[in-house]
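Encoded as structure tokens, the structure appears first; notes follow it.
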Amino acid sequence: MALESLQLLKKIQEWHLGIDRKMPWKETLDPYKIWISEVILQQTQVAQGLKYYHRFLAAFPTVQALADASEAEVMKQWEGLGYYRRAKNLHIAAQQIVEKHQGRFPINFEDVLALRGIGDYTASAICSFAYDQPYPAIDSNVERIFSRYFGIELKKSSASLKQAIKQIVGTPFKKVKSAGELNQALIDFGALVCKSKTAHCDHCPLQESCYAYANDQVYNLPIKSAKKSKQERYFHYSILKSENQIWISERRASDIWLGLHEFYLDELATKTDLEESKTRAFQNIVRTKCFRKLYKQELTHRRIFALFTLYELAAVQEIKHGSWVPLEELNSKTFPGVIRLFLDENMHNFIC
DNA sequence: GACGCGTGGGC
DNA sequence: TGCCCAAGCGT
């Protein structure tokens, strides 16, 4: 028999008393720092985000500092973390805060939710952690706990599952002492006990009343959506070099790697096309160097293959949608993983 | 509601 | 190895 929701929440809070999961953003009530941590942690593991959290706050200690920075500086701090729209949106939201809230992070839930890149989860997390407002922060950890415990057969990440959980916890959430601590307890419980792939049912305090455990459904809940096949894409990059400058452009379309830089790109239809791709006819080519290695980068829904060719040109020439930058400045630009890897391995060869 | 968006780690 | 997943959001 399942516990009443208030009892369930109290059990999880009780469990949390014995947990010591130290993280820097737990040590502060500064909504700015909490905001940055929450955005970094969107779809990102703590171990991966920790370094970026410290670096980002050192570079931009306040909302005002972030708003005043250039987009390029913000992107550079985010390089390697992925989901680059998050960085762009942080920058936009900082400017929203300066314009609409005099640079002070808003306190009202609706005002927080209105900021770019902040959805229901992040607004709830910030308002409960920083201000102790009674909003349940329903992330994938929390979905998993309730879906399993009560046997809610709804799809992971679906609005219906979130709504069902809100129904269950809405009233009890207002009765517990600290909403922030409760949200933290739920997230930690999902991350440490009711885990996705290796749940620790053996020492779970809720085992005896858990629906999924009793019915052997732990790994079937919440319902997973059907996996899509991974599409492959084939990029041939021409690195144009002249007078010790390199031509780069910024990715602007609604595509992967928004806001990151790249070299002159030809996208090809097939892997054979890429492997057999000929050198290109740029003007005034002095020398051509083909790098034979086929680079590969796995994204969640894509597999990128990339080949690189270096062209030394007699003179800098105007090419649309990009600009020439000194070779020494290349490392200060922001590149996707596969280009960064290529540069790290080959940049010393650029000196002809 | 479905899809696209990155990277690193676990098994 | 290949596949799944991780403190989601915007379109």
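Numbered from 1 within each chain, the chains take letters A, B, ... in sequence-line order. Atoms considered below: every heavy atom in the structure, side chains included; atoms not considered: hydrogens, waters and symmetry mates.
With a 6.0 Å radius and a threshold of 12 heavy atoms from other residues, nucleotides or ligands, A:Lys26 has its NZ atom above the threshold.
OP1 or OP2 of B:dG9 has not a single side-chain nitrogen or oxygen of A:Lys197 nearer than 4.0 Å. Side-chain N/O atoms of A:Lys156 include one lying less than 4.0 angstrom from OP1 or OP2 on C:dA6. Between A:Arg116 and C:dT11 there is a side-chain N or O to OP1 or OP2 distance below 4.0 Å. Using a 4.0 Å cut-off, no side-chain N or O of A:Gln45 falls inside it from OP1 or OP2 of C:dA6. Between B:dC5 and A:Arg302, a contact under 4.0 Å exists linking OP1 or OP2 to a side-chain N or O. Checking the phosphate oxygens (OP1, OP2) of B:dG4, no side-chain nitrogen or oxygen of A:Thr300 falls inside 4.0 Å.
Between the P atom of C:dC5 and the NE2 atom of A:His301 lies a distance of 11 Å, rounded to the nearest Å. Atom CD in A:Gln43 sits about 8 Å away from atom P in C:dA7, given to the nearest Å. Computed from coordinates, the A:Gln42 CD to C:dG10 C1' distance equals 11 Å when rounded to whole Å. Straight-line distance from the CZ atom of A:Arg303 to the P atom of C:dG2: 7 Å, rounded to whole Å. Nucleotide B:dG9 holds its C1' atom 15 Å from the CG atom of A:Leu50, rounded to whole Å. If you take CD1 of A:Ile187 and C1' of C:dG8, they are 12 Å apart, rounded to a whole angstrom. Spacing between atom NE2 of A:His16 and atom P of C:dA7 amounts to 14 Å, rounded to whole angstrom units. Distance CG (A:Leu260) to C1' (B:dG4): 16 Å, rounded to an integer number of Å.
Separation of the A:Trp78 and A:Tyr52 ring centroids does not fall under the 6.0 Å cut-off.
Residue A:Leu9 holds its CG atom at 11.0 Å from NZ of A:Lys175, rounded to the nearest 0.5 Å.
At the heavy-atom level, A:Gln231 lies nowhere under 4.0 Å from the strands shown. Across all strands shown, A:Ser158 has no heavy atoms under 4.0 Å from either base or sugar-phosphate atoms. A:Ala159 comes within contact range of the sugar-phosphate backbone alone, with a heavy-atom separation under 4.0 Å but no base atom that close. Contact annotation for A:Trp78: no contact, since no heavy-atom pair falls under 4.0 Å across all strands. At the heavy-atom level, A:Lys230 lies nowhere under 4.0 Å from the strands shown. A:Gly80 comes within 4.0 angstrom of sugar-phosphate atoms only, judged by non-hydrogen atoms across all strands, and of no base. Residue A:Ile118 is classed as a sugar-phosphate contact, given heavy-atom separations below 4.0 Å to backbone atoms only.
Side-chain polar atoms of A:Asp111 and A:His101 form no donor-acceptor pair below 3.5 angstrom. In the model, A:Arg340 has no side-chain atom that pairs as donor or acceptor with a side-chain atom of A:Thr334 under 3.5 Å.
Rounded to whole Å, the P atom of C:dC5 lies 16 Å from the corresponding atom of B:dC3. The gap from the C1' atom of C:dA7 to that of B:dC11 amounts to 22 Å, rounded to the nearest Å.
Checked by distance alone, A:Thr44 brings a side-chain donor or acceptor within 3.5 Å of a matching partner on the base of B:dG6.
Place A:Thr198 and A:Ile256 on DNA chain B by their nearest nucleotides, and A:Ile256 ends up nearer the 5' end. For the pair A:Lys155 and A:Arg86, nearest-nucleotide mapping onto DNA chain B gives the more 5' position to A:Lys155. If A:Asp139 and A:Asn89 are placed on DNA chain C by their nearest nucleotide, the residue sitting closer to the 5' end is A:Asp139. When the nearest nucleotides of DNA chain C are assigned to A:Leu113 and A:Glu38 by heavy-atom distance, the more 5′-ward of the two goes with A:Glu38.
Tested against A:Trp35 for a ring pair (Phe, Tyr, Trp, His ring centres under 6.0 Å), the candidates A:Phe60, A:Phe105, A:Phe56 yield a single pass: A:Phe105.
Within the 3.5 Å criterion, the main-chain N or O of A:Tyr135 finds a donor-acceptor partner in the side chain of A:Asn183.
Taking the ring centre of A:Phe291 as origin, the terminal cationic atom of A:Lys289 falls inside the region bounded by 6.0 Å and 45° from the ring axis. Remark: A:Lys197 fails to qualify as a cation-pi partner of A:Tyr219 under the 6.0 Å distance and 45° angle criteria applied to the six-membered ring.
Residues of residues 140-153 of chain A that place a heavy atom closer than 4.0 Å to DNA chain C, in numerical order, are A:Ser140, A:Asn141, A:Arg144.
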